[in-house]
Amino acid sequence: MIKWKFRGAPKDVDEVIYFRRSLLKLSSDVLFYFGIVAFLVVLYDFGFRHAGIIDTTLNGFYLLSLIVIFAALTVRNVIAFKRPAQKGEKLYAYLLYGLLALGIVTRLFPESAFVTGFSPLAFLSKNFFAYLIIIYVFLGELSKRSLAIYNQNLNPALMFVLSFLLLITIGASLLLLPQSTFRGISVTDAFFTSVSAVCVTGLIVVDTATYFTAFGKTVILVLIQLGGLGVMTFTSFFGVFFQGSSSFQNQLFLKDFVNETKLGETFRTLVKVIGFTIGIELFGALLIFLSLDPTNFQSAADQIQFSVFHSISAFCNAGFSTLTNNLYETGFRYNYNFHLIIAFLIVFGGLGFPIIFNYYKYLKHHLIFRPRQYILNKEFYHTPRIINVNTNIVVATTAFLLLFGTVLYF
C-alpha cells in the first residue's frame, strides 16, 4: 500500500492533513484577494463611464471571476465535506455551485436557443448576476477575516470608532466617483455627506435629490444603513454566518458589543437585530409605497426605490430625503399618511432594539404561550415580568415628550 507523502509538512503533522490544510488556506486566500480585485472592478464598472473595448474586457473578466470563484469554492468545500457537515450547509453549497455552473455556461454560450428561450438562464448571463456573486464572495470573505481581528484583544469601543472612520473614508471615496454625481463633487462635500450619512445626522451641503445619481443615492443609503445599525453588526453577523461557527473569544467580544448578558445568545441577538431591522424597514417601505400617488413617479421602479430609501432613512433616523424640499415637496406635502408612516418609523428606530425586543417577548408571551395554556386547560401559577423597568421608563418618557412637543407646536 502506497502512503501519501507531502514534503514540507512538520514532523508531528500528518502529510495528508497538512496538504488539506494548505489547499484550504490557498482557496481561502484566492477567494479573499481575488474577491477584493473583482469588487474593485465592479466599483469601476459602476463608478466610471466607459464603452467599447472596455465593456468587452469587463465581460471577459466577469466570466473569469465566475470560473475562479467556482474552482476555489469547489476546492474548499470538497475538503470541508470530508468532515461532518450539516445537510442544510451541503444543500446551500450545491445550490451555489449549480448557479455558478449555469452562469458560466450561459456566458460562454449566450446566443444558444436554450439560454435565450428560458428567461432565468438569460438572467444568469447578465452582468448583474456576476455582480451579486462577486459582492457575495467579497462580503463573506471580508466578514470572516474580520472575526480574526476580534481575537487581537482590541477594545470594542476602539474597534467601533475605527470601523466608523473606515466606513466614512470608503463612503467619501465612492461618492467622488464620476458616476455618483451628475456634475461632480468636491472632496469636502463628499466627506461631509459621508459623515452625515454614517452618523445619521441628516445634514446636507448638496441637494441629494438632484446632485446624486441612482448609484450615488445607493451609496448614501448603504452608508445610512451601516451607520445606523453598525458596520460591525453586519460584519460580525456575516462572518459567523459564512464561517458556520465562532470562537469563544469572538463570542466574548461580540457579547460586549451587542450588550448581551448571555454568551450563548450572542449570535442569536445579532440575527434578531438584523432580522428586525430588515423586517421593519421592508414593512415600512410597503406602507410608504401604498400611501404614495403613482402619478408623482415615472415608473413603479422609481416608486419602490423612493419607498425603500425613505423607510431606511426614517428608521435609522438619518433625515435624508430624495425630495428637494423634503416632505414639503409638491405632491407630498399634504400626504399625511406618508408623513405619519415616516414619523412612526422614526419613533421605532429611536426607541432602540432592547425596547423592541422587550415588546416582542411580551407579544410572543400573550399571543403564543397564553392561548396554549388556555387550550391545554392549565392554570397560570406565575406571570413573569416581561416589560422591564428600563422599557417602561423609555416608553413613558418618549410618549410624554411627543405629546408635550405636539401640544407646544399646536
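Between Tyr136 and Phe39, the distance from one ring center to the other does not fall under 6.0 angstrom. Under the 6.0 Å cut-off for aromatic ring centres, Phe348 and Phe315 do not qualify, their centroids lying 6.0 Å or more apart.
With rounding to the nearest 0.5 Å, the separation of NE2 in His310 from CD in Gln305 is 12.0 Å. We find the OG-NZ distance between Ser313 and Lys217 to be 13.0 Å, quoted to the nearest 0.5 Å. Separation of atoms CD1 (Ile346) and CD1 (Ile341) is listed at 12.0 Å; rounding is to 0.5 Å. In this structure, the separation between CZ on Arg333 and CG on Leu323 is 11.0 Å, given to the nearest 0.5 Å. Taking CG from Leu40 and CD1 from Ile134, the interatomic distance works out to 10.5 Å, rounded to the nearest 0.5 Å. The OG1 atom of Thr324 sits 9.5 Å away from atom CG of Asn326, with the distance rounded to the nearest 0.5 Å.
Side chains of Asp293 and Asn335: no donor on one and acceptor on the other come within 3.5 Å. Under the 3.5 Å distance criterion, with hydrogens and angles disregarded, a donor-acceptor pair is assigned to the side chains of Asp207 and Thr210.
Of all non-hydrogen atoms in Ala285 and Ser311, the two that sit nearest each other are N-OG, 3.3 Å. Residues Leu100 and Phe129 approach most closely at N-CZ, 4.4 Å, considering heavy atoms. Contact between Asn296 and Gly331 at its shortest, heavy atoms only, is ND2-O, 3.3 Å. Considering all non-hydrogen atoms of both residues, Gly35 and Phe138 come closest at O-CD1, 3.8 Å. Nearest heavy-atom pair, Thr322 versus Ala209, reported as atom, atom and distance to 0.1 Å: O-CB, 2.9 Å. Nearest heavy-atom pair across Ala130 and Tyr62 is CB-CB, 3.9 Å.
Residues satisfying the side chain to side chain donor-acceptor pair (under 3.5 Å) test with Tyr131, not counting sequence neighbours, are Asp45. Under the rule for a ring pair (Phe, Tyr, Trp, His ring centres under 6.0 Å), the partners of Phe215 that lie at least two apart in sequence or sit in another chain are Phe46. In this structure Phe410 satisfies the ring pair (Phe, Tyr, Trp, His ring centres under 6.0 Å) test with no other residue, sequence neighbours excluded.
Counting non-hydrogen atoms of other residues, nucleotides and ligands closer than 6.0 Å to CD1 of Ile53 gives a total of 12 or fewer. The environment of Tyr44 atom OH is dense: over 12 non-hydrogen atoms of other residues, nucleotides or ligands sit within 6.0 angstrom.
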Show your working on side-chain contact (heavy atoms from CB on, under 4.5 Å) between Leu286 and Leu282 and close with a plain yes or no. CA-CA 6 Å; Leu286 176 62; Leu282 287 177; over 6 Å; no
For side-chain contact (heavy atoms from CB on, under 4.5 Å), just list the numbers for Ile133 and Ser65, CA-CA rounded to whole Å, side-chain angles, deciding distance to a tenth of an Å, and then say yes or no. CA-CA 9 Å; Ile133 294 296; Ser65 299; over 6 Å; no
What's the verdict on side chain to side chain donor-acceptor pair (under 3.5 Å) for Gln298 and Gln303, showing C-alpha distance, side-chain angles and the deciding distance? CA-CA 8 Å; Gln298 296 181 352; Gln303 188 175 349; over 6 Å; no
As a quick check of understanding, evaluate side-chain contact (heavy atoms from CB on, under 4.5 Å) for Ser321 and Glu329, giving each step before the final call. CA-CA 10 Å; Ser321 176; Glu329 184 77 16; over 6 Å; no
What verdict does the side-chain contact (heavy atoms from CB on, under 4.5 Å) test give for Thr208 and Ile220, after you've listed the backbone C-alpha separation in whole Å, the side-chain angles of each residue and the deciding distance to 0.1 Å? CA-CA 9 Å; Thr208 306; Ile220 293 175; 4.2 Å; yes
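Counting heavy atoms from C-beta on, the side chains of Phe212 and Val206 come closer than 4.5 Å. Side-chain atoms of Leu345 and Ile288, non-hydrogen and from C-beta on, do get closer than 4.5 Å to each other. Within the 4.5 Å cutoff, the side chain of Asn59 has no heavy atoms near those of the Leu63 side chain. Inter-residue side-chain proximity for Leu58 and Asn127 is flagged as unmet; no heavy-atom pair is nearer than 4.5 Å. Residues Gln225 and Thr277 form a side-chain contact, since some pair of their non-hydrogen atoms from C-beta on lies under 4.5 Å apart. Between Phe32 and Ser28, every side-chain heavy-atom pair lies at or beyond the 4.5 Å cut-off. Two residues are said to be in side-chain contact when any heavy atoms from C-beta on lie closer than 4.5 Å; Phe309 and Phe320 meet this criterion. The shortest distance between side-chain heavy atoms of Leu177 and Leu174 falls below 4.5 Å.
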Can you give me every donor-acceptor pair (side chain of residues 190-200, partner residue at least two apart or in another chain, under 3.5 Å) with its distance?
| unit_1 | atom_1 | unit_2 | atom_2 | d |
| --- | --- | --- | --- | --- |
| Thr193 | OG1 | Asp189 | O | 2.8 |
| Ser194 | OG | Ile168 | O | 2.8 |
| Ser194 | OG | Ala172 | N | 3.4 |
| Ser196 | OG | Thr201 | OG1 | 2.7 |
| Ser196 | OG | Gly202 | N | 3.4 |
| Ser196 | OG | Leu203 | N | 3.0 |
| Ser196 | OG | Leu203 | O | 2.6 |

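Applying the side chain to side chain donor-acceptor pair (under 3.5 Å) rule to pairs touching residues 169-180 yields Arg49-Gln179, sequence neighbours excluded. Counting only residues at least two apart or on different chains, the salt bridge (Lys or Arg N to Asp or Glu O under 4.0 Å) pairs with a member in residues 25-39 are Lys25-Asp29, Asp29-Arg145.
No donor-acceptor distance shorter than 3.5 angstrom exists from the side chain of Thr397 to the backbone of Val394, with no hydrogens or angles considered.
Ring orientation note: the planes of His339 and Tyr336 are nearly perpendicular, at an angle over 60° on the 30°/60° scale.
By the 6.0 Å and 45° rule, Arg183 stacks over the aromatic ring of Tyr211.
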